[in-house]
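What you see is a predicted model, and the numbers here were worked out from it, not measured in a lab.
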Amino acid sequence: MDQPLPNLPELSLPRIVVIGAGFAGLKLARKLKNKNYQVILLDKNNYHQFQPLFYQVATAGLEPSAISFPLRKVFHNTPNVTFRMAEAQRIDQSQNRLYTDIGYIEYDYLILAMGADTNYFGMKNIMENSIPMKSVSEALFIRNKIISNYERAINIADIEKRKALMNVVIVGGGPTGVELAGAMAELRNEVFPKDYPQLNFHNMKVVLIEAGPSLLAGMSATSGLKAKEYLESLKVEIMLQTAVEDYDGLNVIIKGEKLLQTNTLLWAAGIKPNGIEGLQEIQMFRNGRLLVDEHNLVNESKNIYALGDLCLQQLPDYPKGHPQVAQVAIQQADNLANNFLAKLKNKPSKAFKYKNLGSMATVGRKLAVVDLPFIKLQGLLAWLIWLFVHLMAILGVKNRIFIFLDWSWNYLAFDPSLRLLIRPTYVKPKDREELIEDKN
């Protein structure tokens with residue numbers, strides 16, 4: 001839109017516009033609360049999403065509201081921070097202006113923290129027929145899809161059609177794929193047989209496919225092997241060094257053959273940075289990530305910064321860039337916020353240095369792997385550490401309490417009570433723009 005964004009406070013402070021309220025954008029905005037900057041935070045949703053627990057929403061372990069936190073509540077009584085639900089569309093670098101779907105905003109500094117989306121590697125059929133999991137909405141769709149499949153399967157006489165409805169195939173052996181596979185296997189082994197006693201769950205396959213030679217490639221070899229062992233104990237079929245070539249909504253094509261049939265292919269095989277118009281080719285790497293210096297300043301720019309999955313920071317310790325994980329985004333945002341505060345005192349900026357705090361993944365109840373800088377753990381203790389770390393990272397005391405209660409009940413009863421098929425009703429054409437997200 002070619003009109004300025006209305007109803008913004010007029011403050012005589014340097015204006016920082018932040019696109020994206022993920023881990024990086026929210027961290028930076030929170031750190032600048034009540035400081036001598038005007039911060040305008042933009043996101044297409046009015047809530048922050050805790051991505052590491054999407055898989056628990058998808059497998060009926062948690063309700064969506066437990067891992068989502070309203071952004072406006074974060075900034076109550078914070079006059080220098082303003083939130084707007086908007087979609088950023090284009091940057092005009094010459095005029096220091098950002099265009100959105102609700103108007104344009106002029107900035108002194110622009111922070112790009114839009115994160116990344118699912119990467120289908122150019123495979124159109126897989127993009128159209130598989131299911132990604134990069135938002136709470138997509139996780140909730142997976143939950144509905146799986147439950148709907150079983151409600152349909154119980155009414156189908158043909159055993160092959162039933163198997164296709166019951167099978168779940170997950171592509172991608174990173175933490176998301178491993179955690180999804182473990183949670184789905186536990187539902188199949190312990191929960192669904194009680195819900196659908198007329199179905200034979202020995203016919204249901206949970207298959208995890210990974211193109212590389214091991215699971216959890218970003219973690220230690222010990223953790224990858226242990227995760228594989230845990231998944232196999234849960235009767236997950238694991239296919240390593242296997243690339244999915246095509247999927248038509250039923251048949252999974254591998255090496256030119258239809259090796260598997262499923263109505264549910266969950267795609268967790270890669271990510272690509274979210275882009276925006278107005279950036280120059282010299283500012284981007286060939287995979288779309290933005291080239292930044294040691295202060296996260298975008299190449300050939302004086303006032304545009306990029307954080308997290310979106311940026312590529314080639315430093316001596318990380319010549320190919322940092323891993324695309326939450327800790328990198330949070331630490332980059334923290335460092336950049338400190339540099340903005342240093343600027344107010346005419347102090348020099350500090351270069352970003354990543355401190356690897358470790359990585360972890362849970363495979364199932366009492367099963368997890370944890371790589372810390374000083375020790376590697378597996379099993380029950382690793383699982384307890386995973387629970388504690390994720391619980392403390394959640395925004396809001398109420399959300400922490402709800403999640404703790406849900407986890408406690410699920411552990412004791414092993415019967416998550418969120419297996420509800422809540423299907424969206426028809427949305428009238430005049431309401432579609434406001435109520436339905438456009439994924440094109």
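- No side-chain donor-acceptor contact under 3.5 Å links Asn338 and Asn335.
- Using a 4.5 Å cut-off on side-chain heavy atoms (C-beta onward), Val169 and Ile209 make contact.
- No side-chain donor from either of Asn80 and Gln38 sits under 3.5 Å from a side-chain acceptor of the other.
- The two residues Leu71 and Ala21 come nearest to each other via the heavy atoms CD1-CB, 3.5 Å.
- A donor-acceptor contact shorter than 3.5 Å links the side chain of Thr100 to the backbone of Gly103.
- With 3.5 Å as the limit, one finds a donor-acceptor pair spanning the side chains of Asn303 and Asn96.
- A pairwise comparison of heavy atoms in Leu240 and Thr242 identifies O-OG1, 2.8 Å as the closest pair.
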Practice task
Show the numbers, then the answer: is there a ring pair (Phe, Tyr, Trp, His ring centres under 6.0 Å) between Tyr47 and Phe69?
Solution key: CA-CA 5 Å; Tyr47 52 87; Phe69 197 82; over 10 Å; no
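- For the pair Arg72 and Phe83, the cation-pi criterion (under 6.0 Å, within 45° of the ring axis) is not fulfilled.
- Listed for the Gln49 side chain is no donor-acceptor partner under 3.5 Å among the backbone atoms of Gly22.
- Expressed to the nearest 0.5 Å, how far CG of Asp371 lies from OG1 of Thr222 amounts to 7.5 Å.
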Practice task
Start with the C-alpha distance between Tyr230 and Val236, add both sets of side-chain angles, then the distance that settles side chain to side chain contact (heavy atoms under 4.5 Å, CB included), and finish with yes or no.
Solution key: CA-CA 9 Å; Tyr230 288 152; Val236 174; over 6 Å; no
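- Defined by atom type and a distance below 3.5 Å, a donor-acceptor pair is missing between the side-chain atoms of Glu294 and Gln314.
- Ser135 places a side-chain N or O within donor-acceptor distance of the main-chain N or O of Glu138, the cut-off being under 3.5 Å.
- Here the CG-CD1 distance, from Asn399 to Ile394, works out to 6.5 Å after rounding to the nearest 0.5 Å.
- The pair Asp334-Lys31 meets the salt-bridge criterion, since a charged nitrogen lies less than 4.0 angstrom from a carboxylate oxygen.
- Proximity of Lys205 to Met166: side-chain heavy atoms (C-beta onward) are nowhere separated by under 4.5 Å.
- Not one N or O on the side chain of Ser148 forms a donor-acceptor pair closer than 3.5 Å with the backbone of Ile146.
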Practice task
Kindly indicate, with the supporting measurements, whether the criterion side-chain hydrogen bond (donor to acceptor under 3.5 Å, both in side chains) is fulfilled by Gln313 and Gln332.
Solution key: CA-CA 10 Å; Gln313 195 174 49; Gln332 285 180 338; 3.3 Å; yes
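- A distance of 12.0 Å separates NZ of Lys163 from CG of Leu260, quoted to the nearest 0.5 Å.
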Exercise for the section: Give the C-alpha distance, both sets of side-chain angles, the deciding distance and a yes or no for salt bridge (charged side-chain N to carboxylate O under 4.0 Å, His left out) between Arg84 and Asp43. Expected result: CA-CA 7 Å; Arg84 286 288 184 272; Asp43 197 279; over 6 Å; no
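- Considering only heavy atoms from C-beta on, Leu297 stays 4.5 Å or farther from Ile304 through its side chain.
- From Thr118, atom OG1 reaches atom NZ of Lys272 across 8.5 Å, with rounding to the nearest 0.5 Å.
- Among all heavy-atom pairs drawn from Leu42 and Ala86, the shortest one is CD2-CB, 4.5 Å.
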Exercise for the section: Would you sort out whether Glu179 and Thr59 count as a side chain to side chain contact (heavy atoms under 4.5 Å, CB included), showing the intermediate values? Expected result: CA-CA 10 Å; Glu179 290 171 345; Thr59 54; over 6 Å; no
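- Met133 pairs with exactly one of Leu180, Ile170, Leu266 by the side chain to side chain contact (heavy atoms under 4.5 Å, CB included) rule, that one being Leu180.
- Comment: Arg97 engages Glu106 in a salt bridge, judged by a side-chain N to carboxylate O separation of less than 4.0 angstrom.
- Looking at heavy atoms from C-beta onward, Ile282 lies out of side-chain contact with Asn299 at the 4.5 angstrom threshold.
- Minimum heavy-atom separation, Pro14 to Tyr109: CB-CE1, 4.3 Å.
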Practice task
Would you please test Ser223 and Ser220 for side-chain hydrogen bond (donor to acceptor under 3.5 Å, both in side chains) and show each step?
Solution key: CA-CA 5 Å; Ser223 292; Ser220 66; 3.1 Å; yes
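- Annotation: cation-pi geometry not satisfied between Arg15 and Tyr107 (NZ/CZ under 6.0 angstrom from ring centroid, within 45° of ring axis).
- Put simply, the residue from Leu290, Leu98, Leu307 that forms a side chain to side chain contact (heavy atoms under 4.5 Å, CB included) with Leu112 is Leu290.
- Taking the six-membered ring for Trp and the full ring otherwise, the centers of His48 and Phe23 sit less than 6.0 Å from each other.
- Between the side chain of Arg152 and the backbone N or O of Leu165 there is no donor-acceptor pair closer than 3.5 Å.
- Of the inter-residue distances, the one linking Arg188 atom CZ with Tyr150 atom OH reads 8.5 Å to the nearest 0.5 angstrom.
- More than 12 heavy atoms of other shown residues, nucleotides or ligands fall within 6.0 angstrom of atom OH in Tyr120.
- The residues Arg289 and Asp309 are annotated as not salt-bridged, no charged nitrogen and carboxylate oxygen being separated by less than 4.0 angstrom.
- For the residue pair Asn167/Thr264, the side-chain donor-acceptor check at 3.5 Å is not satisfied.
- Inspection of the Glu186 and Asn189 side chains reveals no N or O donor paired with an N or O acceptor under 3.5 Å.
- Annotation: Phe404, atom CZ; neighbour count of heavy atoms from other residues, nucleotides and ligands within 6.0 Å does not exceed 12.
- Contact check for Trp267 versus Ile126: side-chain heavy atoms found under the 4.5 Å cut-off.
- Inter-residue side-chain proximity for Leu215 and Leu231 is flagged as met; some heavy-atom pair is nearer than 4.5 Å.
- To the nearest 0.5 Å, atoms OH (Tyr318) and NZ (Lys353) are separated by 8.0 Å.
- Using a 4.5 Å heavy-atom threshold, the side chains of Val17 and Ile111 count as separate.
- Closest heavy-atom contact between Ala333 and Ala24: CB-O, 3.2 Å.
- With no hydrogens or angles considered, a side-chain donor-acceptor pair links Asp246 and Asn125 at under 3.5 Å.
- In this structure, Ala29 and Leu41 approach most closely via the heavy-atom pair CB-CD2, 4.4 Å.
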Problem - Evaluation steps, side chain to side chain contact (heavy atoms under 4.5 Å, CB included), between Leu53 and Gln56 - result: CA-CA 5 Å; Leu53 294 181; Gln56 292 208 3; 4.2 Å; yes
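- Two residues are said to be in side-chain contact when any heavy atoms from C-beta on lie closer than 4.5 Å; Leu367 and Thr362 fail this criterion.
- Partner of Gln93 under the side chain to side chain donor-acceptor pair (under 3.5 Å) criterion, out of Gln283, Lys302, Glu300: Gln283 alone.
- Here the two rings, on Phe340 and Tyr305, have centers that are under 6.0 Å apart.
- With Glu210 contributing its side chain and Gly212 its backbone, the two residues share a donor-acceptor pair below 3.5 Å.
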Problem - Trace of the side chain to side chain contact (heavy atoms under 4.5 Å, CB included) decision for Asn296 with Phe352 - result: CA-CA 8 Å; Asn296 285 90; Phe352 174 68; 4.1 Å; yes
